[in-house]
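Note on naming: letters A, B, ... go to the chains in the order of the sequence lines (proteins, then strands), and numbering restarts at 1 for each one.
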Number of protein chains: 2
Amino acid sequence: MYSGLMSTSERLIEATRELLWERGYVGTSPKAIQQLAGAGQGSMYHHFTGKPDLALAAVRRTAEEMRAAAAASLDGPGTAYERIAGYLLRERDVLRGCPLGRLTMDPDVIADDRLRAPVEETLDWLRGRLASVVEEGTERGELSAALVPADIAATIVATVQGGYVLARASGSPAAFDAGVRGLLTLLDPSADDRS
Amino acid sequence: MYSGLMSTSERLIEATRELLWERGYVGTSPKAIQQLAGAGQGSMYHHFTGKPDLALAAVRRTAEEMRAAAAASLDGPGTAYERIAGYLLRERDVLRGCPLGRLTMDPDVIADDRLRAPVEETLDWLRGRLASVVEEGTERGELSAALVPADIAATIVATVQGGYVLARASGSPAAFDAGVRGLLTLLDPSADDRS
DNA sequence: GTCTATAATCGGATAGAC
DNA sequence: GTCTATCCGATTATAGAC
């Protein structure tokens, strides 16, 4: 139940974000949203046309936050490797998974272009941003010249998204951390990578 | 609707596997299972105690299949790199995602130890099997000696699981393929990986 | 803006006839 | 083993009073 300092529509959006993260779109009912937001049915249907509309507002906000968080790691100073490492090693609520990525497993989200759009755009943006960092790294000689920026960017994002899967399967963040360590070893320009 | 050549309980399990893959546990109703299996409610509750019981049978079978498919790639001949590449590049229904991995985003699956167990065990087994291959590779000089087998194994599985996320977000297998290419570049012992 | 009432459908299951 | 009937709560709203 959220503070009364937030407006009703704000509380509804925040409650929806929370529940979408925890239970996904199919698993989140209007009633649960209303209870967590401390709002009645009338309020919800006054501010939003229905569950999809509210979910859209929630997903857009989550996408915004995710961009900002990634940019904070990637826009900083340091070598390409350091910025990528910073992104991979930043604090995460590993066992909760990615609030945006988890939605891709939701058939009702994938089937709705309006709901899928912010998810796609944000992951695309992230890959693009990482590809730029990798490209800078190869140009400056900080990373192997053999790397294809767009491919490595996809590998990095996939390792994070898949790391969540492994962590949730085992009930421990250890597998996520292992995957990240493995990727950093593979990227590390200072490691002796010859057999 | 499955062939009448299968027994009713077989059809129920296959229908459940299909729907769990497509819609997850929360999104799959007994009624939908019965319709797809061509079975009545009575049949379902005769053969299984309820939705969780049926889901358990379905998940166990899917886990078996996944192990067998991975083993087929990893147990073959070839260098460590070749076997890992074979596993990563084998044909997949990328846009459908991983039938086991997707369950980790389902809160009701994660909350139920009996349902989560086959998911955890199978992904653990896969990581272990890949770690063995990597270890063989480092010992034989086919892969960099700097690699920590368990970490690289986690990276490989995570790249696949996360690749599904990227593919589903964008509605195209391209991002999955890019992530795999990136990982193979990073693993490739013949690539010049010095800056 | 928020509340309560009402409603049609679905979800998950039990009971008992055949 | 399979079928139909029945049940109760949840889901996703709509209508209208306050």
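In summary, R61(A) and E10(A) engage in a salt bridge, as defined by a charged side-chain N under 4.0 Å from a carboxylate O. Residues R17(B) and E14(B) are paired through a salt bridge, judged by an N-O separation under 4.0 Å between the basic side chain and the carboxylate.
Other residues sharing a hydrophobic cluster with L54(A) under the 4.5 Å side-chain heavy-atom criterion for ILVMFWY residues are Y2(A), M6(A), L12(A), I13(A), L19(A), I33(A), L36(A), M44(A), Y45(A), F48(A).
Side-chain atoms of T138(A) do not come within 3.5 Å of backbone N or O of A145(A) as any donor-acceptor pair. Side-chain atoms of E82(B) come within 3.5 Å of backbone atoms of T79(B) as a donor-acceptor pair (strictly under, hydrogens ignored).
W21(A) does not carry R102(A) over the face of its six-membered ring by the limits of under 6.0 Å from the centre and within 45° of the normal.
T28(B) comes within 4.0 angstrom of sugar-phosphate atoms only, judged by non-hydrogen atoms across all strands, and of no base.
Residues of residues 30-41 of chain B having a heavy atom closer than 4.0 Å to DNA chain C, listed by number: P30(B), Q41(B).
K51(A) places its NZ atom 12 Å from the C1' atom of dA10(D), with the value rounded to the nearest Å.
You can see that DNA chain C meets the heavy atoms of chain B within a 4.0 Å-exclusive cut from dG11(C) to dT14(C), reading 5' to 3'.
For the atom pair OG1 of T28(A) and CZ of R23(A), the computed distance is 6.5 Å after rounding to the nearest 0.5 Å. For the atom pair CD of E65(B) and CG of L100(B), the computed distance is 10.5 Å after rounding to the nearest 0.5 Å.
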